[in-house]
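The structure appears below as structure tokens.
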Amino acid sequence: MIRTGDSERIGKLINQLGAEIKSIIRSAIELSYYSRGAWQYVDVLMMTAGERDIATEFVNKRLEQASKMTFPVF
């Protein structure tokens, strides 16, 4: 791709990677926030994509359960 000088494909790839980075950073901030600091931002960034997905599912499940409580704690 680079050797052939396909600048359109290179531009699309760079944009795609930029969007993925933004998504990872957003996920790390949210997991750190909703875990109340139990997972530090830097530690979340060091997680694999699979670990972040599992952590996100866990936090979402806990938030859903907490929202059904009489006196929810977020």
Side-chain angles (χ1 to χ4, degrees):
M1 179 169 37
I2 294 175
R3 288 184 180 175
T4 62
D6 190 353
S7 60
E8 185 178 328
R9 285 183 59 201
I10 294 170
K12 286 181 181 180
L13 179 61
I14 290 172
N15 289 337
Q16 178 185 357
L17 292 173
E20 288 179 22
I21 290 169
K22 189 174 181 178
S23 175
I24 291 169
I25 291 171
R26 181 179 287 117
S27 174
I29 290 170
E30 289 175 355
L31 284 172
S32 181
Y33 176 83
Y34 285 112
S35 71
R36 300 182 193 152
W39 291 316
Q40 297 296 315
Y41 173 74
V42 174
D43 295 333
V44 175
L45 286 177
M46 299 302 293
M47 289 180 178
T48 65
E51 290 171 329
R52 278 191 306 275
D53 288 344
I54 291 168
T56 299
E57 289 173 13
F58 173 78
V59 168
N60 287 335
K61 183 178 175 183
R62 297 294 299 151
L63 288 172
E64 183 180 324
Q65 290 172 347
S67 70
K68 295 176 184 175
M69 297 171 58
T70 306
F71 300 105
V73 178
F74 294 103

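Sequential numbering from 1 along the given sequence is applied to the chain's residues.
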Item checked: Transitive ILVMFWY side-chain link Tyr33 to Val44, under 4.5 Å -> yes

Item checked: Same apolar cluster: Leu13 and Ile21, side chain cutoff 4.5 Å -> no

Item checked: Test: Lys61 and Glu57 ion pair at under 4.0 Å -> no

Notebook entry, point to check: Ala28 and Leu45: which non-hydrogen atoms are nearest, and at how many Å?
Noted result: CB-CD2, 3.6 Å

Notebook entry, point to check: Looking at CG of Leu31 and CD of Glu51, how far apart are the two atoms once the value is rounded to the nearest 0.5 Å?
Noted result: 11.5 Å

Check: Are more than 12 heavy atoms from other residues, nucleotides or ligands located less than 6.0 Å from atom CD of Glu8?
Finding: no

Next item on the list: Could you tell me which residues satisfy side-chain hydrogen bond (donor to acceptor under 3.5 Å, both in side chains) with Glu20, sequence neighbours excluded, listed by chain and number?
Entry: Gln16

Notebook entry, point to check: Hey, is the main chain of Arg52 close enough, under 3.5 Å, to the side chain of Thr56 for a donor-acceptor pair?
Noted result: yes

Notebook entry, point to check: Between atom CD1 of Ile54 and atom CE of Met47, what is the distance when rounded to the nearest 0.5 Å?
Noted result: 9.5 Å

Check: Do the side chain of Ser32 and the main chain of Ile29 share a donor and acceptor less than 3.5 angstrom apart?
Finding: no

Check: Taking atom CZ of Phe58 as the centre, does the number of heavy atoms from other residues, nucleotides or ligands within less than 6.0 Å exceed 12?
Finding: no

